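Contents: one structure, followed by commentary.
Positions are given from 1, in the same order as the sequence printed here. In listed order, ligands and their atoms are each counted from 1. Bear in mind that the values here come from a model prediction, so they are computed numbers and not experimental data.
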Amino acid sequence: MSETVFRTCPLCEATCGLAITMDGDRVAGIRGDDDDVFSHGFICPKGTTLGELHHDPDRLRRPLIRRDGRHVEVTFDEAFAEIERRLPPILAAHGRDAVALYLGNPTVHNLDATLFVKPLAKALGTQNIYSASTVDQRPKELSSAWMFGGGLTVAIPDIDRTDYLMILGANPYESNGSLATAPDWPGRLQAIRARGGKVVVVDPRRTRTAAKSDEHVAIRPGADAMFLAAIARTIFDDDLVRLDHLDGHVNGLDDVRRLLQPFTPAAVADATGVDAETIVRLARELAAAPSACVYGRIGTTTQEFGTLASWLVDVCNVITGNLDRPGGAMFPKAAAGASNTRPGKGRTIRIGRFTSRVRGLNESFGELPVSCLAEEIDTPGDGQVRALITVAGNPVLSTPDGARLDRALQSIDFMISVDVYLNETSRHADVILPPPRPLQRSHYDLGFNQLSIRNIANYSPAILPLSDGQMHEWEILATIASIAQTGRRADPAVVDDLVAATVAQQVADDRHTAEDLLAAAGSRRGPERLLDIMLRGGPYDLTLDDLIANPHGIDLGPLQPRIPEVLRTESGKVELAPEPLAGDVPRLAAALNRPENGLVLVGRRHLRSNNSWGHNLPAMAKGKDRCTLQINSLDAKRLQIDDGAIVRIRSRAGAVEAPAEVTDDIRPGVVSLPHGFGHDVDGTRLSVAAEKPGVNSNLLTPGDVDALSGNAILNGIPVDVTAAQPA
Ligand SMILES: Nc1nc2c(c(=O)[nH]1)N[C@H]1C(S)=C(S)[C@@H](COP(=O)(O)OP(=O)(O)OC[C@H]3O[C@@H](n4cnc5c(=O)[nH]c(N)nc54)[C@H](O)[C@@H]3O)O[C@H]1N2
Ligand SMILES: Nc1nc2c(c(=O)[nH]1)N[C@H]1C(S)=C(S)[C@@H](COP(=O)(O)OP(=O)(O)OC[C@H]3O[C@@H](n4cnc5c(=O)[nH]c(N)nc54)[C@H](O)[C@@H]3O)O[C@H]1N2
Ligand code: SF4
Ligand SMILES: [Mo]
C-alpha cells in the first residue's frame with residue numbers, strides 16, 4: 001500500500017514542501033508538494049535524496065562505544081552508562097569549563113535539537129560553547145544586533161517585490177539561499193528580471209547566479225566592505241540620501257557620513273578591483289531604483305571585514321530609504337519563537353563578557369569563536385578543555401585548521417557525538433549517539449521562519465514511528481543534560497517538564513499566563529508541547545492543531561513594515577553608527593593601500609552538496625569530481641598548470657593536492673576550492689563518500705578571525721599553487 005505524505009525538506013534553508021510517497025516504511029518517491037503555500041511544487045535535486053538519506057546503510061542505527069580503539073554497537077542504556085562513568089569525574093576534577101560543546105548546522109534544521117541544545121548547554125554550565133555560527137553568519141547577527149537590537153532581527157531581501165537586487169558573496173542558484181529563506185530562488189530572481197528589474201551579482205567568481213544576472217562585478221575577495229563604503233559615500237556625495245518613512249527612526253546618519261570619508265570610489269578601486277566609474281554608476285542605480293535591496297551572504301561574512309561588510313549592506317539599504325519597505329530589506333514576523341515579536345525592553349548587545357583562554361577572543365551571544373576550539377583542547381594549563389560534545393557537527397572538515405583539531409581530538413580525554421554518521425569528527429568520539437532518521441521526527445522551522453521572505457508557518461508530523469531501542473533526539477540531549485547536571489541520568493520527561501515551564505514563563509504575556517499555556521498544551525510532550533506553547537504566545541494566536549490541520553502550511557502573507565515596533569535597541573531607533581562598528585572602521589581604512597600580492601583562496605558550493613555530509617548519498621555524489629581547484633587561465637598559464645593537472649595548494653596552515661580546473665569564470669589572482677571534502681581518513685563509515693574523497697579545504701584556513709566578531713576567515717586566504725605532477 002502506498003501513501004503520500006507531506007513534509008518540509010530539512011536539508012537547506014529554502015524549506016520546500018515535499019510530497020513523499022511511502023511504500024510501507026520505504027520511501028518510494030519524492031516530488032515537490034504542489035499545494036505547499038510557499039514552494040508551490042518547487043524542489044531541487046537535493047530534496048529528492050531524502051529517501052536515500054533515510055535508507056543509507058551507512059547511517060548509524062545504534063549507539064557506538066569505542067572499545068580498544070574500535071567502535072562497537074551498544075544499546076542506549078550502555079552508551080549512557082559509559083557517559084555516567086566518564087563525564088561527571090571530568091567535571092568534578094576540572095570544573096565546568098573543562099567540557100566543550102559544539103553545535104553544528106543541522107541543529108537549526110531540526111526541531112528536537114533546536115529546542116534541546118539550550119538546556120544541554122545550560123546543564124553543562126561551560127563557557128566553552130561553540131557552533132557553526134562562527135564559521136558562518138555571526139558577523140550579520142552582530143551587525144543586526146547593534147543596528148536593530150536583536151541577533152535574529154536580520155533585514156531580509158524582499159526579492160518577490162524588489163526592482164533592484166544587489167547580491168554580494170552568495171550563489172543562491174547552488175545554495176538555494178541563506179539568511180533569506182525562499183523556495184526557488186532561481187525562479188524568483190528570474191521574476192525580478194522578467195518584471196523589468198535588475199539583478200547585480202558581486203562575486204570573485206562568475207557563478208551560475210552571476211551568469212543569470214544582468215551584471216557581474218568580479219570583486220577582489222575580502223573587499224566588500226570597502227566597495228559598499230564607496231557606494232554609500234557616493235550616495236552621500238551626490239545628495240541621494242533619502243530616509244522617507246524612516247525619518248525620525250534613525251540615529252547616526254552624520255556619523256556614518258564622517259566614517260565613510262576615506263572610502264571614495266577612486267580610493268577603493270585598487271583594493272576592490274572595481275573601477276570608480278562602476279561603483280558610482282551602481283550607487284546611482286541603487287538610489288534611483290523605485291525599490292532596491294542590497295543582500296550579502298557567506299562570501300561577505302566569512303572574511304576579514306565580515307562585520308563591517310554586513311553593517312554596510314544595511315547602511316546602503318537605510319540611506320536609500322529601502323529598509324523596512326516592500327521591495328527593500330524587511331523584517332519577518334515569525335509565528336513562533338522570535339524574540340522580536342514579544343514585548344521587550346531595548347538594550348545594547350555586549351560582546352566580550354568573557355574571552356577565550358588561549359587567544360583572548362571575545363564571546364558573543366554566549367559562544368566563543370570555533371576557530372579557538374583546537375587550541376583550547378591542545379594547550380595545557382588551567383581551564384584546558386578535556387571533553388567535547390558535538391551535536392550535528394563535523395568541525396574537523398568544517399572549521400579552520402582541521403589538521404590541528406583532528407590531532408587535538410586524538411588526545412582529548414572524552415568525547416561524545418550526537419550524529420547520524422561515523423565521520424571525520426565522530427570517529428574520535430568515545431560514545432556516538434545516533435538520533436532517529438529524518439522521517440522519524442517532526443519538523444518545524446523555528447529558525448528559518450524568522451529569516452523568511454514571507455511569513456509562513458508549516459509543521460510536519462513524524463512519518464514513521466521509532467523502532468525498538470531508538471530514542472528521540474530531544475530525549476538523547478535531555479539525558480546527556482541530566483548527567484551533566486546531576487551525574488546520573490534522569491528520565492528525559494523530567495528535563496522536558498523543566499524546559500516547558502521555562503518556555504511558558506518566557507512566552508507568557510498579558511494574553512496568557514504560563515499556567516494557561518501549559519494547560520492548553522494538554523498531553524503533548526517534548527518539542528510538540530514547546531512548539532504549541534510558542535505558537536499560542538506568538539503574534540498570530542496559532543496553535544499546533546491549526547498547523548496539523550494545514551499540512552501544506554499556513555501563509556501569513558508578505559512581509560510588512562515593522563519599524564519601530566521590531567526595534568530593540570536602547571534608543572528604540574535604528575543605530576546607523578553603533579560604537580563597535582564605528583570603532584572597526586579604521587582597520588578597514590588601513591587596508592586600503594595594502595598591495596595585492598599572490599593568489600588568494602575562496603570557497604564555493606555545488607547544488608549537489610550539503611556542507612560535509614551530503615557526499616555519502618549516491619545521487620549527490622554522482623557526476624564528475626567536484627573537489628577541484630578553479631584557477632583563471634592567465635594564472636594557470638603563468639604557473640604552467642594544465643587543466644586537470646594535480647596541483648599543490650599551500651597556505652600558512654597546511655597544504656593539499658587537488659586537480660586544477662582552468663576556467664575564466666574566476667577572477668585572476670583568485671583560486672577556489674569547495675569545503676566539506678576530505679573523506680579519505682581511517683575509521684569512518686562513509687562508503688560512498690570515500691570513493692570521491694576530495695581534500696579538506698580547511699587544512700588551508702589558519703583560523704584567523706574577523707577581529708570584531710571572531711568569525712572565521714574562510715575566504716581570501718593567501719596561498720601558493722604549484723604543479724604537483726603533469727596532467
Ligand atoms: N547545495 C548546497 N547548498 C547549501 C549548502 C551546501 O553546502 N550545498 N550549505 C548551506 C549553508 S550552511 C549556507 S551558510 C548557505 C550559504 O549560501 P551562499 O552564501 O549562497 O554560499 P555559496 O554558494 O558558498 O556562495 C558564496 C559565494 O561567495 C563568493 N565569495 C567568496 N569570497 C568572497 C568575497 O570576499 N566577496 C564576495 N563578494 N564574494 C565572495 C564565492 O565565490 C561564492 O560564489 O548555503 C546553504 N545551502
Ligand atoms: N572553508 C569553508 N568552511 C566552511 C564553510 C565555507 O564556506 N568554507 N561554510 C561553513 C558553514 S556556512 C557551515 S554552516 C559549516 C557547517 O559545519 P558543521 O555544522 O560542523 O558541519 P556539517 O557538514 O553541516 O555537519 C553536520 C553533521 O551533522 C550530522 N547530522 C545531520 N543531520 C543530523 C541530525 O538530524 N541530527 C544530528 N545529531 N546530526 C545530524 C551529519 O552527519 C554531520 O556530521 O561549515 C562551515 N565551513
Ligand atoms: S532547495 Fe533546499 S529545501 Fe528545497 S528541496 Fe532543495 S534542499 Fe530541500
Ligand atoms: Mo552555513
Side-chain angles (χ1 to χ4, degrees), residues 8-18 32 39 42-50 53 59 102-107 109-110 112-113 131-133 135-137 167-179 183-185 201-205 207 209-210 217 219-224 227 296-304 309 370 390-395 397-400 417-421 423-426 433-436 438 441 473 476 602-614 616 666 670 672-676 697-698 700-701 712 714-717:
T8 307
C9 176
L11 293 179
C12 89
E13 295 180 39
T15 71
C16 302
L18 305 179
S39 60
F42 175 83
I43 185 172
C44 87
K46 221 157 79 167
T48 63
T49 66
L50 203 63
L53 176 62
R59 248 185 98 97
Y102 173 78
L103 306 173
N105 165 281
T107 54
H109 295 267
N110 176 326
D112 282 40
S131 81
S133 295
V135 276
D136 191 344
Q137 80 283 5
I167 301 177
L168 301 97
N171 185 11
Y173 266 79
E174 310 272 4
S175 71
N176 291 304
S178 179
L179 294 189
D184 194 14
W185 258 86
V201 174
V202 182
D203 195 305
R205 299 185 309 119
T207 58
T209 309
V217 179
I219 195 169
R220 276 179 62 190
D224 301 84
F227 171 79
R297 202 41 201 102
I298 205 92
T300 62
T301 52
T302 53
Q303 49 138 299
E304 193 180 358
V370 71
T390 67
V391 181
N394 191 2
L397 296 193
S398 303
T399 70
S417 287
V418 182
D419 206 288
V420 294
Y421 284 113
N423 63 19
E424 298 75 16
T425 298
S426 58
L433 302 161
R441 58 168 213 251
E473 185 150 11
I476 295 172
V602 300
R604 68 175 188 270
R605 282 170 166 78
H606 188 280
L607 184 56
R608 288 178 191 271
S609 71
N610 199 9
N611 295 320
S612 76
W613 66 286
N616 208 53
I666 190 162
V670 183
S672 167
L673 196 62
H675 75 285
S697 69
N698 282 315
L700 299 171
T701 48
L714 305 173
N715 286 298
I717 308 294

Distance-only N or O hit between ligand 1 and D203, under 3.5 Å | yes
Write out the residue and atom name of the closest protein heavy atom to atom 3 (N) of ligand 2, then the distance separating them to 0.1 Å.
-> N698 ND2, 3.1 Å
When only distance counts, is V602 in polar contact with ligand 1, meaning an N/O pair under 3.5 Å?
-> no
Flag S612 as yes when one of its N or O atoms lies below 3.5 Å from any N or O atom of ligand 2, and as no otherwise.
-> yes
N, O or S atom of C12 closer to atom 2 (Fe) of ligand 3 than 2.8 Å | yes
Does an N or O from R608, backbone or side chain, lie closer than 3.5 Å to an N or O of ligand 1?
-> no
Ignoring angles and geometry beyond distance, decide whether N610 reaches within less than 3.5 Å of ligand 2 through its nitrogen or oxygen atoms.
-> no
Of all protein heavy atoms, the one nearest atom 10 (C) of ligand 1 is R605 NE, 3.8 Å
For V418 and ligand 2, answer yes if some heavy atom of the residue is under 4.0 Å from a ligand atom, otherwise no.
-> yes
Could you say whether the N/O atoms of R297 and ligand 1 ever approach to under 3.5 Å?
-> no
Numbering as shown, the atoms of ligand 3 that approach C16 to under 4.0 Å (heavy-atom distance) = 1 (S), 3 (S), 4 (Fe), 5 (S)
Give the residue, atom name and distance (to 0.1 Å) of the protein heavy atom nearest atom 14 (S) of ligand 1.
-> D136 OD2, 3.3 Å
Part of N105 with heavy atoms under 4.0 Å of ligand 2, whether side chain, backbone, both or neither = both
Proximal ligand 1 atoms for P221, defined as those under 4.0 Å from one of its heavy atoms | 34 (C), 35 (O)
Hey, does the side chain of R59 reach the backbone of P436 with a donor-acceptor pair shorter than 3.5 angstrom?
-> yes
Considering distance alone, does some N or O of R604 sit under 3.5 Å from an N or O of ligand 1?
-> no
Ligand 2 atoms nearer than 4.0 angstrom to some heavy atom of G104 are 19 (O)
Under a heavy-atom criterion of less than 4.0 Å, does R441 contact ligand 2?
-> yes
Is V202 close to ligand 1, meaning an N/O of one under 3.5 Å from an N/O of the other?
-> yes
Geometric N/O contact D224 with ligand 1, under 3.5 angstrom = yes
Under 3.5 Å, N or O to N or O, is A223 touching ligand 1 that way?
-> no
Heavy-atom donor-acceptor pair, T107 side chain to A113 backbone, under 3.5 Å = no
Honestly, for T15 the part within reach of ligand 3 (heavy atoms, under 4.0 Å) is backbone
Does some non-hydrogen atom of Q137 fall short of 4.0 Å from ligand 1?
-> no
Look at atom 12 (S) of ligand 1 and say which protein heavy atom is nearest, naming residue and atom and giving the distance to 0.1 Å.
-> N611 ND2, 3.1 Å
Note: ligand 3 atoms sitting under 4.0 Å from heavy atoms of K46 are 7 (S)
Distance to 0.1 Å, residue and atom name: give those for the protein heavy atom nearest to atom 20 (O) of ligand 2.
-> Y102 OH, 2.6 Å
What protein heavy atom sits nearest atom 8 (Fe) of ligand 3, and how far away is it?
-> C9 SG, 2.3 Å
